[in-house]
Amino acid sequence: MWAQDSFWTLGGPERAGLVAVALLTAAVAAGLLWPVLRRPWPLRVAAALAVTWLYLWLSPQGFYAYYRAIFDGLPAQWVAGPPPGPLRLVRALTFTEEASLSRLAQGLLGWALLALALRGRR
């Protein structure tokens, strides 16, 4: 299913770096959620959805910065685009976007943030 994903066109060190960037950006997303984890559960869930939405919107810029570091000649530019609509968030959480490792990771992160929000901080 993901055999044609662009991830596999990278060399081993570049793939490891990309995974590191993904883990770092996921940790930042969880960190954004951390301050509300002692609030009532509806606020925590709303915050998890908001952080997921922010991740869907802004994370491409972080990944592009990594690509600029590993590929010569990529211009400095804004690649994140306009904020996604609510349907993009629903598609990410229901895994109904095009099949790619990136889209899978986005959906998994969204569910992990929702699980963290539902669990709360004790």
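Heads up: numbering here begins at 1 and tracks the sequence. Values in this document were obtained by computation on a predicted structure and should not be read as measured data.
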- prompt: Of the non-hydrogen atoms in F7 and L18, which two are nearest, and what is the gap between them?
  reply: CD1-CD2, 3.6 Å

message: Show every side-chain hydrogen bond (donor to acceptor under 3.5 Å, both in side chains) that has at least one partner inside residues 33-59, sequence neighbours left out.
response: T25-Y55

query: For residues 66-91, which residue pairs qualify under salt bridge (charged side-chain N to carboxylate O under 4.0 Å, His left out), counting only residues two or more places apart or in two chains?
result: R88-E97, R91-E97

statement: When every non-hydrogen atom of L93 is compared with those of L49, the smallest separation belongs to CD1-CD2, 3.8 Å

- prompt: Can you tell me how far the OG1 atom of T9 sits from the CZ atom of R15, to the nearest 0.5 Å?
  reply: 9.0 Å

- line: In terms of heavy-atom contacts, A29 and L109 come closest through CB-CD2, 4.3 Å

query: Between the main-chain N or O of Q77 and the side-chain N or O of Q61, is there a donor-acceptor pair closer than 3.5 Å?
result: yes

query: Shortest non-hydrogen contact from L56 to P84?
result: CB-CG, 4.4 Å

- prompt: Under a 4.5 Å cut-off applied to non-hydrogen side-chain atoms, are F63 and V79 in contact?
  reply: no

field: Distance-minimising heavy-atom pair for A117 and L37
entry: CA-CD2, 3.9 Å

Connected via hydrophobic side-chain network under 4.5 Å: L24 and L33: no

query: If every non-hydrogen atom of A30 is compared with every non-hydrogen atom of L116, which pair is closest and at what distance?
result: CB-CD2, 4.4 Å

- prompt: Could you give the distance from CH2 (W8) to CG (L101), rounded to the nearest 0.5 Å?
  reply: 6.5 Å

field: same_hphob_cluster(L43, L118) at 4.5 Å side-chain heavy-atom cutoff
entry: no

message: If hydrophobic clusters are built by linking Ile, Leu, Val, Met, Phe, Trp and Tyr wherever their side-chain heavy atoms come under 4.5 Å apart, do L32 and V21 end up in the same one?
response: yes

- prompt: Can you list the steps and then say if I70 with L10 is a side chain to side chain contact (heavy atoms under 4.5 Å, CB included)?
  reply: CA-CA 10 Å; I70 63 172; L10 300 173; 4.1 Å; yes

message: Do V51 and L23 land in one hydrophobic cluster if side-chain heavy atoms of ILVMFWY residues count as linked below 4.5 Å?
response: yes

- prompt: If you measure from OG1 on T94 to CH2 on W111, what distance do you get to the nearest 0.5 Å?
  reply: 9.0 Å

